[in-house]
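All values derive from a computational prediction rather than experimental measurement.
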Amino acid sequence: MKENLSTEQQSAIKEESLRILVLAGAGAGKTRTILEKIIYLIKEKGVKPYEIMAITFTKNAANEMIDRLIIGADSSGEFQSYIESKDISANDIRIRRLQEKRKHKWINQLTIRTFHSLCYTILRNYGAKEFDNKFKLLSDTSNQAESQFKKLSADESQYEILHKLLIEQCQDRTFLLYFKRFVLDYLVDRIHLPHKANLAHFPQGKYYSSLRGEKVRSKSEQYICDWLYRHSIEYQYEPSLVIDDVSFRPDFFIPQANIFIEHVSNISASMDRKERLFTKGGRTFAKTFEFMMHDSNIINSALSRIVKNRLPGNYQEVVALKYEEELKGRHAEVRNFLRQVVRVLEICQSDRVDISRLKEVLKTEPHERIRMFYHCSLPLIMNYYNYCLDKSYLDFNQLMDKATDLLNNQKDVAQKMHQQFKYVLVDEFQDVNQIQMQFIKTMMNPAAQLFCVGDDWQSIYGFRGSDIKYIVEFNKFFKDGKVFPLSTNYRSNNQIVGASNQVISNNQYQSKKNIHAFSKSNRKIQVFAGTDIEDTIFYMIAEIKALYERDVSKDDILILYRRTKMFAPYKKAFAKANIKVNAKTIHASKGLESKVVFIIGLTEGYGGFPDIWMGDRIYQTIRPVKYDILMEEERRLFYVAITRAKEYLYLITELGVESSFIEEIPSKFKLLYTSELKVGERNTIKCPSCHHRLEKEYRFCPECGTIREDIIKVE
């Protein structure tokens, strides 16, 4: 075992207990601890390499483990130089990695796999009794983690299948019109939101879209429009009518029946004048009333009595409707709906939600939007399962489910794995979900050692089904388990570590850790609050150029954001300024580090950060989670973002809407800059040696160490 391992790492690695959790903070050397555990088992304990299994979540993580083992075994240093070269393609590195593994036979005998790769192999080799073992894999188009399966994947994605099933379902006229009504009400008009927030989109107080496409004034008028449309009855909404030189607009005119309809509600104007005009002009009219709207049978009967008896004999009620025509121009809304369905599908799978039970729950759901969403989505989900079975498709959750079923049902296969693997190591344990936990327990020999490494402060994949409880309550799920903390952050300086500790301390549901920094610095976190997005872009361009002048390379700068759309305006401006930036979502940055990190979009409210996606009742219906739990995951995401930085950290926000997460950082760790303050008002000081911007209270330059007496005030 290497002597430069910390005492905490050595204690965890040498532990003989059967259930071990290494609980580490960001930058504490989690991956290294797993690798040193492997080396210790082989060199010190005499364990055969083929008796060791290491499980990761992504192919990149598995490759990194293999690469680091090869680098450690390669005394020439050639392999490290090869994979670090910018001129070498990913495929060339893959080939070289395979060659090096064969050269170092003990590395080649190790099983270092992702969950999905392991389950895939089990089903391919032993799954004929359980499933068609010539199956193909389905992937969500957003999932790039399992790129090694591309050649083994189906020609269509989850999204594409659900879209196909939606179009098929819409061949049912009733379903099509119901789905269109949901789209118009809740994805276009968004009637569940306050009207005042959308006044610009609804001129003249017409908030509601009819199935035919016009805007109407009330849900009642919308219902009448839709009844007429469903029954293929032509109508005019608010036509202009002149009687006795008086111009007015009745609510509806039915040309085929030659009758006007007025809907009377408590907000309607007096009907006396209109009735006199109708009578004077010899025009037939009828009235519907608001009380009828409380019972669909009453209003339907009234409309049928008023209209149908007056229709001509050649009237045809049923007219074929087509998905493409009815949803024309609504592709963005349909895409939004299907993305929600994909999320609901994944939650149902990872949480083992019983669809039949869900149907019963929805019978008592008080909110129309939720009932309508599930009425439209549940048939798609049920048909999705049947479609996958028919085509011999498995998505990643089904893949793990089927592998677990196989091990439960075929004891000879389970016994084979139990006999081979004496040690099972799991990386990023904070990201496991219920399906993966069941797989681990089924696949493992109870007498084998389970060695888990993770950080509950970095549990950020709740939207994919991961459950933080398995790491926070490790001893509840694994009796007699032992927990070893790693408390030193070797990546970030003490200012960043101190700030991150303070932010994450606001979470209630967590493992208590006392993380301290190995590296010391006086450089505080820079917080810039611009007056608008253009202001923050200007600031970032100037700051990045200044970093370039201080010999910071573009590869040393990482820009992070909560959602991809936040970066769009920056991307265009950076291209014009000839700044070429490493930009990622915070989720995609997990496991990375950089000398300089900018975090943009740190504003409070909708579209900012924090941004709680599961706050929507659509998801709460199948996974009831309290708001504070959702906020805690957002805070963990912020923790992940700030701990990617090694030396420089910039938090970019806007005046007046600063993210609450910035407020949680104590002032001793941050400096605030705003564009509204002039240079003289900022008390800005510049170091003459490196021109680094300082604050007047600084005693020396944290960048180059120049002492206070040599610092001059900027005029």
Side-chain angles (χ1 to χ4, degrees), residues 8 23-30 430 454-460 468 471-472 485-529 558 560-562 586 589-590 592-604 608-612 627-654 657-674 695 697-698 702:
E8 293 172 328
L23 192 62
K30 295 186 291 296
Q430 75 279 351
D455 178 11
D456 60 297
W457 290 359
Q458 298 186 69
S459 178
I460 59 173
I468 192 176
I471 189 169
V472 175
L486 301 184
S487 57
T488 303
N489 183 320
Y490 295 98
R491 176 191 302 148
S492 308
N493 64 43
N494 59 310
Q495 300 287 339
I496 296 169
V497 171
S500 65
N501 286 344
Q502 288 295 313
V503 169
I504 205 67
S505 68
N506 290 283
N507 278 3
Q508 298 300 311
Y509 188 60
Q510 60 170 284
S511 300
K512 300 299 181 183
K513 297 190 284 288
N514 181 25
I515 306 298
H516 59 271
F518 182 79
S519 173
K520 306 297 180 185
S521 174
N522 290 314
R523 185 183 299 110
K524 294 189 178 183
I525 297 168
Q526 309 288 301
V527 180
F528 179 76
L558 178 62
L560 301 179
Y561 36 84
R562 177 67 178 84
I586 302 170
S589 75
K590 184 75 166 49
L592 301 180
E593 59 182 40
S594 186
K595 183 175 184 179
V596 182
V597 170
F598 288 86
I599 307 175
I600 64 173
L602 284 167
T603 59
E604 196 75 8
F609 187 20
D611 183 13
I612 296 177
Y627 178 85
D628 56 349
I629 299 298
L630 299 173
M631 178 60 83
E632 289 195 356
E633 177 153 323
E634 285 293 291
R635 189 174 285 111
R636 292 194 295 271
L637 189 61
F638 184 62
Y639 174 86
V640 167
I642 60 182
T643 54
R644 299 310 94 195
K646 295 195 287 188
E647 298 181 30
Y648 298 82
L649 178 58
Y650 295 84
L651 307 180
I652 310 300
T653 183
E654 293 181 33
V657 288
E658 294 89 344
S659 169
S660 55
F661 290 157
I662 294 178
E663 301 301 315
E664 292 177 359
I665 299 176
S667 57
K668 66 180 180 179
F669 296 120
K670 65 186 179 184
L671 291 175
L672 175 64
Y673 296 100
T674 68
E695 294 298 302
E697 68 269 18
Y698 280 18

- What's the shortest heavy-atom distance between V472 and S511, and which atoms? CA-OG, 3.9 Å
- Task: Using modelled atom types only, decide if a donor and an acceptor are shared between the side chain of Q526 and the backbone of K524 within a distance under 3.5 Å.
- Result: yes
- Query: Would you call L602 and I652 a side-chain contact if the rule is heavy atoms closer than 4.5 Å?
  - Reply: no
- Query: Taking E8 for the side chain and S487 for the main chain, is one N or O donor matched with an acceptor at less than 3.5 Å?
  - Reply: yes
- Query: Do the non-hydrogen side-chain atoms of V503 and F669 ever get within less than 4.5 Å of each other?
  - Reply: no
- Item | From E632 atom CD to W457 atom CH2, the distance as rounded to the nearest 0.5 Å | 12.5 Å
- Message: Quick check against the 3.5 Å criterion: does Q502 have a side-chain atom that pairs as donor or acceptor with the backbone of P666?
- Response: no
- Message: According to ring-ring contact (aromatic ring centres under 6.0 Å, His included), does anything in residues 485-519 pair up with another residue at least two apart or in another chain? List the pairs.
- Response: Y490-F518
- Using 30° and 60° as the class limits, which term best fits the ring planes of F638 and F609: parallel, tilted or perpendicular? perpendicular
- Query: Is there side-chain contact between L23 and L486, with heavy atoms separated by less than 4.5 Å?
  - Reply: no
- Look only at the side chain of K670 and the backbone of I665, and say whether a donor-acceptor pair between them is shorter than 3.5 Å. yes
- Message: Do N494 and S521 make a side-chain contact, defined as non-hydrogen atoms from C-beta onward lying under 4.5 Å apart?
- Response: yes
- Nearest heavy atoms of T643 and S492, plus distance in Å: O-OG, 3.6 Å
- Message: Just checking K520: does its NZ atom have more than 12 heavy atoms from other residues, nucleotides or ligands closer to it than 6.0 angstrom?
- Response: yes
- If you take all heavy atoms of I586 and V640, which pair is closest and at what distance? CG2-CG1, 4.2 Å
- Note on the structure: Between the CD1 atom in I460 and the OG atom in S589, the distance rounded to the nearest 0.5 Å is 7.0 Å
- Message: If I take atom OH from residue Y650 and atom CG from residue L671, how far apart are they, to the nearest 0.5 angstrom?
- Response: 11.0 Å
- Roughly how far, to the nearest 0.5 Å, is OG1 of T674 from CD of E654? 13.0 Å
- Task: May I have the step-by-step check of salt bridge (charged side-chain N to carboxylate O under 4.0 Å, His left out) for R636 and D456, ending in yes or no?
- Result: CA-CA 8 Å; R636 292 194 295 271; D456 60 297; over 6 Å; no
- Would you find more than 12 non-hydrogen atoms of other residues, nucleotides or ligands less than 6.0 Å from N514 atom CG? no
- Query: So, E647 side chain and N493 main chain: donor-acceptor pair closer than 3.5 Å or not?
  - Reply: no
- Task: Output yes when a side-chain donor or acceptor of E634 lies under 3.5 Å from a complementary backbone atom of D611, and no otherwise.
- Result: yes
- Query: Should T603 and S659 count as side-chain neighbours, where that means a heavy-atom distance under 4.5 Å?
  - Reply: no
- Query: What's the shortest heavy-atom distance between Q510 and N507, and which atoms?
  - Reply: NE2-O, 2.6 Å
- Of all heavy-atom pairs linking S500 and V497, the shortest is OG-O, 2.8 Å
- Message: Please check this pair: side chain of Q430 against backbone of D455, looking for a donor-acceptor N/O pair closer than 3.5 Å.
- Response: yes
- Query: Do the non-hydrogen side-chain atoms of E604 and E658 ever get within less than 4.5 Å of each other?
  - Reply: no
- With rounding to the nearest 0.5 Å, note down the distance linking NZ in K513 to CD1 in I504. 8.0 Å
- With sequence neighbours left out, what residues match E593 under side chain to side chain contact (heavy atoms under 4.5 Å, CB included)? R491, K646
- Item | Quiz item: cation-pi between R635 and F661, 6.0 Å / 45° | no
- Closest non-hydrogen atom pair, V597 against I599: CG1-CG1, 4.0 Å
- Would S594 and R644 satisfy side-chain contact (heavy atoms from CB on, under 4.5 Å), going step by step from the backbone distance to the final call? CA-CA 6 Å; S594 186; R644 299 310 94 195; 5.9 Å; no
- Distance from I642 atom CD1 to I525 atom CD1, nearest 0.5 Å? 6.0 Å
- Is there a side-chain contact between D628 and Q508 (heavy atoms, below 4.5 Å)? no
